[in-house]
Amino acid sequence: MALTDRLTDGVRTALAQAGLSPADACVWEVPRQAGHGDYATSVAMQLARAAKKPPRQIAEAIVRHFPPMPEVERLEIAGPGFLNVFLSPAWVAGTLRDVLEAGEAYGRGSAEAGRRIRLEFVSANPTGPLVIVNARAAAVGDSLARLLRAQGGHVTPEYYVNDAGTQFEALARSFEARVRQALGEDAPLPENGYPGEYLSELALAYRTDGGPAPDEVPAPARLEHFGRYAVAEMVNAQRRILADYGVTFDAWTSEQHDVRDKGLVEAVLDDLGRRGLTYEQDGALWFRSTQFGDDKDRVVRRSNGELTYFGVDIANHHHVKFGSAERVIDLIGPDHHGYVERLRAAMQALGHPTEAFEVLIIQLVTLLRDGQPVRMSKRRGEFVLMDELLEEVGKDAARFTFLTRRHDSPLDFDLAVATRRSADNPVYYVQYAHARIASIRRQLTEQGIGVPPWSAIDLGVLTLPEEQQLIKRLLGYPEMVAGAARALEPHRVAFWLSEVAGLFHPYYKAHRVIQDDRALMLARFALCAAIGQVVRNGLDLLGVSAPETM
RNA sequence: GCGCCCGUAGCUCAGUCGGAUAGAGCAUCGGACUUCUAAUCCGAGGGUCGCAGGUUCGAUUCCUGCCGGGCGCACCA
């Protein structure tokens with residue numbers, strides 16, 4: 001049972017013994033100030049009104065009747081009626097054994113046990129290379145997948161390939177033009193085409209592979225031919241970069257093959273139509289999204305007969321996503337946030353619980369170098385690509401930096417800072433803690449010092465304030481992970497790790513592990529091993545490596 | 001005009017479910033390697049939590065209004 005649950009039980013028992021009415025909720029928080037104990041609750045203040053007694057008097061009754069517990073050293077009443085709990089140092093030290101024995105499983109929970117979760121992120125159009133904001137979405141999405149898995153969820157990371165519709169056609173025509181140019185023809189790029197150099201390079205590769213010239217492909221099949229080739233190559237390139245970044249997807253959903261070709265759009269539109277939730281106007285088919293809180297009704301099939309992106313996406317969400325999961329999470333860019341409401345309306349109309357469908361907005365990234373903005377203009381081809389970012393700053397620094405901000409706040413990414421190997425860069429600060437611990441382990445081995453099983457080490461000698469503080473911090477790790485998963489906020493893990501490293505480095509500097517006092521040495525090594533384990537577990541949730549040496 | 005997000009130290013940002021004296025890193029200034037890795041550590045200064053009301057024992061946190069910034073308001077995706 002969790003410590004706070006035990007404390008709550010103690011409070012309930014004490015209230016009953018004192019003849020006071022029970023508290024419906026007892027919230028424990030970790031006070032900011034050490035003098036206020038390890039845990040505090042304001043339950044006495046909240047009960048004061050109903051009990052018609054001063055809060056301090058209620059608190060005193062709780063203290064008087066609180067059952068003895070090995071975890072608790074003493075209770076204090078403070079301020080207007082706070083109840084402060086001071087943990088027993090011996091019990092605190094003993095918890096280290098639980099951490100070490102749990103190993104890589106330490107921090108896992110069961111909040112999502114058995115639940116199937118569909119998590120879509122990145123999903124860049126297959127019309128160009130991945131750029132820096134895609135790297136942010138990939139870092140956040142992948143970390144979320146890891147967090148939700150750590151809570152027992154069956155997570156399917158999904159990449160939706162937008163290989164149909166107007167953008168697909170623009171890509172197909174642009175690519176065809178580039179192939180013609182590669183053959184020496186004077187072929188202009190179509191209007192609204194994609195001017196990037198990458199399509200010219202792809203055209204050369206296409207010819208090298210022996211792909212047929214445009215005029216050798218029958219006109220009716222030409223668009224499809226060049227479009228499919230370009231999409232396949234673009235998606236492959238995206239997949240490779242993401243794999244280098246440590247991000248893999250279990251589902252690559254094709255708009256054309258997995259949604260449109262399977263008749264799912266007609267099915268879902270018929271479904272909505274039978275419920276009277278669609279209507280024809282001006283030759284187009286509309287969905288009554290206003291009935292579910294949207295500002296206006298939305299077109300699902302245009303008057304020219306073509307489906308809108310929205311129309312297809314309803315089918316995608318209803319049949320593909322919810323067809324295989326109880327919970328659906330989408331990560332999107334801020335430019336699409338106006339789109340969320342209508343999709344939410346559609347999911348509601350189709351009977352999905354509102355809390356089962358969540359959309360996270362991943363804010364934009366402003367790229368800086370030494371504080372100066374790096375211009376990103378697709379038109380002039382100056383935009384910074386994801387592979388260039390990875391080459392310059394590396395996977396670990398990039399991922400960690402993206403995860404030191406809330407996903408919904410815009411981020412300034414300074415290339416110069418992220419490249420710097422110093423404390424400006426919290427990723428190295430955290431990794432260095434892990435490397436230093438690994439170094440201690442190596443030193444022990446080199447000096448022929450054997451370490452007995454954890455159960456044989458007396459941890460009670462870890463009485464320094466720094467040691468107690470570190471252990472208590474490790475004790476809070478599972479709760480932090482559970483909170484990050486619940487709130488879908490992986491940045492909490494990154495901050496937590498920085499804080500633990502910030503406790504470890506001063507401790508390392510001030511107190512030697514390897515020393516003549518064998519009992520103390522072993523206990524301190526156990527503490528370091530536990531810190532190393534938890535840091536490794538936390539970094540793994542971020543997809544960042546935990547190096548043995550640096 | 002309407003909607004969403006954001007205003008916290010010089011800068012970049014945390015701040016749990018409403019708690020006690022508001023936090024970190026960077027930057028600035030001053031120090032520390034004979035010792036398990038100096039990618040480290042020790043110390044100092046730095047605040048009207050955008051503004052004004054409201055709710056309450058208590059508000060950076062919740063509500064309303066205003067000011068300032070970003071984004072979105074298509075038979076585009």
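Letters go in sequence order (proteins before strands), and every chain restarts at 1.
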J.: Identify each atom pair where a protein N or O and an N or O of nucleotides 4-8 of chain B are less than 3.5 Å apart, giving names and distance.
T.:
none

J.: When the side chains of residues 284-295 of chain A are checked against the rest of the protein, which donor-acceptor pairs come out under 3.5 Å, sequence neighbours left out?
T.:
from: A:Trp286; atom 1: NE1; to: A:Gln281; atom 2: O; distance (Å): 3.2
from: A:Arg288; atom 1: NE; to: A:Gly276; atom 2: O; distance (Å): 3.1
from: A:Ser289; atom 1: OG; to: A:Asp294; atom 2: OD2; distance (Å): 3.0
from: A:Ser289; atom 1: OG; to: A:Lys296; atom 2: O; distance (Å): 2.8
from: A:Thr290; atom 1: OG1; to: A:Asp297; atom 2: OD1; distance (Å): 2.6
from: A:Asp294; atom 1: OD1; to: A:Arg298; atom 2: NH2; distance (Å): 3.3
from: A:Asp294; atom 1: OD2; to: A:Arg298; atom 2: NE; distance (Å): 2.8

J.: Quick one: which of B:U12, B:C17, B:G19 gets closest to the side chain of A:Ser42?
T.: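 Of the options given, the side chain of A:Ser42 lies nearest B:G19.
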J.: Measure from the side-chain heavy atoms of A:Pro506 and tell me the nearest of B:C41, B:C71, B:C75.
T.: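 Shortest atom-to-atom distance from the side chain points to B:C41.
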J.: Is the backbone N or O of A:Gly476 less than 3.5 Å from a side-chain atom of A:Glu479, with the two atoms forming a donor-acceptor pair by type?
T.: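 No, because the side chain of A:Glu479 does not come within donor-acceptor range (under 3.5 Å) of the backbone of A:Gly476.
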J.: Is there a donor-acceptor contact under 3.5 Å from the side chain of A:Gln238 to the main chain of A:Asn125?
T.: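 Side chain of A:Gln238 to backbone of A:Asn125, a donor-acceptor pair under 3.5 Å: yes, one is there.
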J.: Is A:Glu467 salt-bridged to A:Arg524, cutoff N-O under 4.0 Å?
T.: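 Salt bridge: yes.
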J.: Quick check for you: among B:A77, B:C17, B:C41, whose closest atom lies nearest to any side-chain atom of A:His505?
T.: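 Of all the options, the side chain of A:His505 is nearest to B:C41.
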J.: Contacts to RNA chain B from residues 512-525 of chain A, heavy-atom cutoff under 4.0 Å, which residues?
T.: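 Residues of residues 512-525 of chain A that come under 4.0 Å of RNA chain B are, in numerical order, A:Arg512, A:Val513, A:Ile514.
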J.: Going by atom types alone, do A:Asp330 and A:His317 pair a side-chain donor with an acceptor below 3.5 Å?
T.: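 Yes, a side-chain donor-acceptor pair sits under 3.5 Å.
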J.: Grab the CG-P distance between A:Asn192 and B:A77 for me, whole Å please.
T.: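 Atom CG in A:Asn192 sits about 12 Å away from atom P in B:A77.
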J.: Would you mind reporting whether A:Tyr309 and A:Asn162 have side-chain heavy atoms less than 4.5 Å apart?
T.: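 The answer is yes, as the side chains (C-beta and beyond) meet within the 4.5 Å cut-off.
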J.: Tell me the interatomic distance from A:His336, atom NE2, to B:C71, atom C1', rounded to whole angstroms.
T.: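 Interatomic distance, NE2 of A:His336 to C1' of B:C71: 12 Å.
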J.: Please measure how far the C1' atom in B:C49 lies from the corresponding atom in B:A22, and state the result in whole Å.
T.: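 To the nearest whole Å, 8 Å.
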J.: Does the ring of A:His36 lie flat against the base of B:A20, closer than 5.5 Å centre to centre with planes under 30°?
T.: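 Yes.
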J.: So which nucleotide from B:A14, B:U40, B:C17 ends up closest to the side chain of A:Val27?
T.: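 Of the options given, the side chain of A:Val27 lies nearest B:C17.
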J.: Among residues 298-312 of chain A, which contact RNA chain B at a heavy-atom distance under 4.0 Å?
T.: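 Heavy-atom cutoff 4.0 Å gives A:Val299, A:Arg302, A:Ser303, A:Thr308, A:Tyr309.
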J.: Phosphate oxygens OP1/OP2 of B:C42: is one of them under 4.0 Å from a side-chain N or O of A:Tyr507?
T.: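 Negative; the distance criterion is not met.
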J.: Picking from A:Ile457, A:Ile514, A:Val451, what satisfies side-chain contact (heavy atoms from CB on, under 4.5 Å) with A:Phe525?
T.: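 Of the listed options, the one satisfying the test is A:Val451.
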J.: Would A:Phe82 count as stacking on B:A20 if stacking means ring centres less than 5.5 angstrom apart and planes tilted under 30 degrees?
T.: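 Stacking between A:Phe82 and B:A20: present.
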J.: Please, what dot-bracket string fits RNA chain B when only Watson-Crick and G-U pairs with both distances under 3.5 Å count, crossing ones use [ ] and pairs to another strand use |?
T.: (((((((..((((.....[...)))).(((((.......))))).....(((((..]....))))))))))))....
J.: Take the angle between the ring planes of A:Phe310 and A:Tyr339 and call it parallel below 30°, perpendicular above 60°, tilted in between.
T.: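 A:Phe310 vs A:Tyr339 ring planes: perpendicular.
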J.: Could you tell me how far apart A:Lys509 (NZ) and B:G31 (C1') are, to the nearest whole angstrom?
T.: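 That distance rounds to 13 Å.
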J.: Would you tabulate the side-chain donor-acceptor contacts of residues 482-502 of chain A under 3.5 Å, counting partners in other chains and residues two or more places apart, or write 'none'?
T.:
from: A:Glu489; atom 1: OE1; to: A:Arg492; atom 2: NE; distance (Å): 2.9
from: A:Glu489; atom 1: OE1; to: A:Arg492; atom 2: NH2; distance (Å): 3.1
from: A:Glu489; atom 1: OE2; to: A:Arg406; atom 2: NH1; distance (Å): 3.3
from: A:Glu489; atom 1: OE2; to: A:Arg406; atom 2: NH2; distance (Å): 3.4
from: A:Ser498; atom 1: OG; to: A:Ala494; atom 2: O; distance (Å): 3.2
from: A:Glu499; atom 1: OE1; to: A:Arg473; atom 2: NH1; distance (Å): 2.8

